[in-house]
2 protein chains.
Amino acid sequence: MKIATFNVNSLRKRLPVILRWLERHQPDVLCLQETKVQDEDFPLLDLASSGYQVTFRGMKAYNGVAVLSRAAPEAVSYGFDDGGELDDARLLRVVIKGIPIVNTYVPQGFKIDSSKYAYKLKWFQRLRAYFDKHLAPSKPAIWCGDVNVAPEPLDVHSPEKHLTHVCFHEDVRRAYKETVSWGFVDVFRKLYPDRLQYTFWDYRQPSSVKANKGWRIDHILATKPLADKCKSVEVDMRPRRAATASDHTVLWAEFAI
Amino acid sequence: MKIATFNVNSLRKRLPVILRWLERHQPDVLCLQETKVQDEDFPLLDLASSGYQVTFRGMKAYNGVAVLSRAAPEAVSYGFDDGGELDDARLLRVVIKGIPIVNTYVPQGFKIDSSKYAYKLKWFQRLRAYFDKHLAPSKPAIWCGDVNVAPEPLDVHSPEKHLTHVCFHEDVRRAYKETVSWGFVDVFRKLYPDRLQYTFWDYRQPSSVKANKGWRIDHILATKPLADKCKSVEVDMRPRRAATASDHTVLWAEFAI
DNA sequence: GCCTCGCCCG
DNA sequence: CGGGCGAGGC
């Protein structure tokens with residue numbers, strides 16, 4: 001099973017890139033974030049040609065998640081179910097061929113001293129509780145998406161400059177790890193313990209791609225039984241180099257199931 | 001000499017269409033309107049490959065005129081010189097191979113009861129005075145551009161519905177004809193007295209192109225000595241059918257000089 | 001509908 | 001820088 005994740009920064013703007021990538025890579029599942037389209041405007045027709053099943057939840061202007069899958073999902077669930085903020089444009093769970101897949105667009109957090117950052121930290125706690133409720137560490141499951149955390153210094157260019165950045169501050173890294181420790185394994189880092197590899201390059205940072213000044217903030221994580229079956233994980237730079245590119249690129253992993 | 005006119009509705013958006021048209025048609029002169037680009041942002045580099053000389057005057061967001069010519073203009077003049085509103089983003093005169101060419105983007109006029117409409121009517125009067133000052137009916141000269149007038153009922157779909165439209169109202173048609181009568185001949189209508197042929201199809205009117213619900217408001221006019229040498233005039237629908245089309249298309253005329 | 005713009009956002 | 005939005009123009 002081949003599964004991929006891609007923060008598209010507008011699904012409508014990225015349709016050609018997405019369709020091209022599906023054609024070339026034929027994944028079983030492609031999880032998308034920042035679709036930035038409300039459900040009534042979702043471009044189902046443009047995706048129909050791909051032959052993929054489409055599951056989505058969006059809102060106007062911000063956020064939005066979707067799952068494209070070869071097989072139809074056996075179950076679909078939108079947002080948190082803990083009585084708090086639903087945040088269904090950031091959290092989408094599907095079950096595909098028996099494997100639960102949680103696709104997240106974790107809040108970015110704005111600034112360390114903002115309420116948005118507090119919300120982000122809380123979000124990781126809620127996500128752990130969500131895993132507790134719906135998954136089991138001993139059973140196959142996947143968590144992927146734009147997690148907005150670079151877990152280690154290796155995962156961001158010039159880490160010493162980003163100690164107070166909402167995607168690298170010690171508190172957010174701790175919050176992320178606390179959620180991971182529920183029972184997930186970062187399959188990229190598992191296969192490549194020392195590899196410097198980013199998935200996001202800021203549009204604003206001049207020549208960030210050429211100079212490779214990026215962040216590894218998009219992740220695919222699997223529970224142990226599934227992580228053990230992970231055969232390969234790669235970042236495909238091509239979508240980031242496309243004429244009309246997202247600021248993120250595609251991360252994919254293949255599992256022997 | 002082959003001369004063409006095209007309201008591009010943003011030069012920058014229409015660059016591929018323009019370059020393609022130049023390649024295919026190799027006109028001596030292409031007059032453009034609604035370039036919507038201020039001079040400091042004019043995309044000279046993108047046009048350099050065409051090999052055409054570029055003369056332009058624009059402003060931010062609205063209006064803007066340009067002339068692309070195989071030969072460099074022997075003279076260039078921007079706007080009115082009667083002490084009133086300059087309107088140099090609507091009026092550009094060049095002399096090419098000895099022929100004065102007046103490229104205009106005549107004000108649209110908004111609504112019949114608006115001051116913009118009064119300004120439009122006045123604009124035609126000023127233009128006649130401008131011809132008087134700079135041209136002679138007995139000598140070759142060309143006036144072309146988006147004139148924003150359908151001269152006759154044949155020149156607009158459902159004319160009975162547009163009697164109070166600022167591009168078909170009796171006052172504007174009279175004002176236009178008063179300016180034409182200075183000494184210009186509409187070469188399209190001269191060659192094809194009865195042909196129904198539009199040059200503009202509103203984006204808003206659903207399926208206006210397919211249903212051919214348009215307007216003939218872009219014109220090429222020549223003084224009598226030149227009009228007598230007009231060999232052919234055509235409207236090229238291709239640019240209007242392009243993937244990213246202006247709401248106008250190209251009108252061109254060939255003169256035996 | 002398809003352009004422009006200024007503004008918000010990451 | 002490159003998405004989104006809403007307003008203004010035609």
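Atom set for the values below is all heavy atoms of this structure, side chains included, hydrogens, waters and symmetry mates excluded. Since the structure is predicted, the reported quantities are computational estimates derived from the model, not experimental observations. Letters A, B, ... mirror the listed sequences (proteins, then strands); counts begin at 1.
Rounded to an integer number of Å, the gap from CG of A:Asn7 to P of D:dG2 is 15 Å. In this entry the distance linking CD of B:Gln38 with P of C:dT4 reads 12 Å, nearest Å. For the pair A:Lys213 NZ and C:dG10 P, the interatomic distance rounds to 22 Å; values are reported in whole Å. Note: CG (A:Leu11) to P (D:dG2) measures 19 Å, nearest angstrom. If you take CH2 of A:Trp201 and P of D:dG3, they are 17 Å apart, rounded to a whole angstrom. For the pair A:Lys111 NZ and C:dC8 P, the computed distance is 14 Å after rounding to whole Å. Counting to the nearest Å, the C1' atom of C:dG10 and the CH2 atom of A:Trp215 are 12 Å from each other.
Counting any heavy atom pair closer than 4.0 Å across all strands shown, B:Thr244 reaches sugar-phosphate atoms only and no base atom.
Using cut-offs of 30° and 60° for the angle between ring planes, the B:His165 and B:His162 rings count as perpendicular.
Counting only heavy atoms from C-beta outward, the side chains of B:Phe200 and B:Asp218 approach each other to under 4.5 Å.
In this structure, the ring of B:His219 has its center less than 6.0 angstrom from the ring center of B:Tyr176. Within the 6.0 Å centre-distance limit, the rings of B:Phe131 and B:Trp143 are counted as a close aromatic pair.
Listed by residue number, A:Lys13, A:Arg14 are the residues of residues 13-21 of chain A with a heavy-atom contact under 4.0 Å to DNA chain D.
Side-chain atoms of A:Asp171 and A:Tyr117 include no donor-acceptor pair closer than 3.5 Å. Inspection of the A:Thr244 and A:Arg14 side chains reveals an N or O donor paired with an N or O acceptor under 3.5 Å. Donor-acceptor pairing under 3.5 Å is lacking for the side chains of A:Thr104 and A:Arg90. Side-chain polar atoms of B:Asn7 and B:Glu34 form a donor-acceptor pair below 3.5 angstrom.
Applying the salt bridge (charged side-chain N to carboxylate O under 4.0 Å, His left out) definition to pairs two or more places apart or across chains, those involving residues 150-167 of chain B are B:Glu152-B:Arg173, B:Glu152-B:Lys177, B:Asp155-B:Arg189, B:Asp155-B:Arg216.
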Using the 3.5 Å cut-off, write out each protein N or O paired with an N or O of nucleotides 6-10 of chain D and the distance between them.
{"from": "D:dG6", "atom 1": "OP1", "to": "A:Lys60", "atom 2": "NZ", "distance (Å)": "3.3"}
{"from": "D:dC10", "atom 1": "N3", "to": "B:Arg204", "atom 2": "NH1", "distance (Å)": "3.4"}

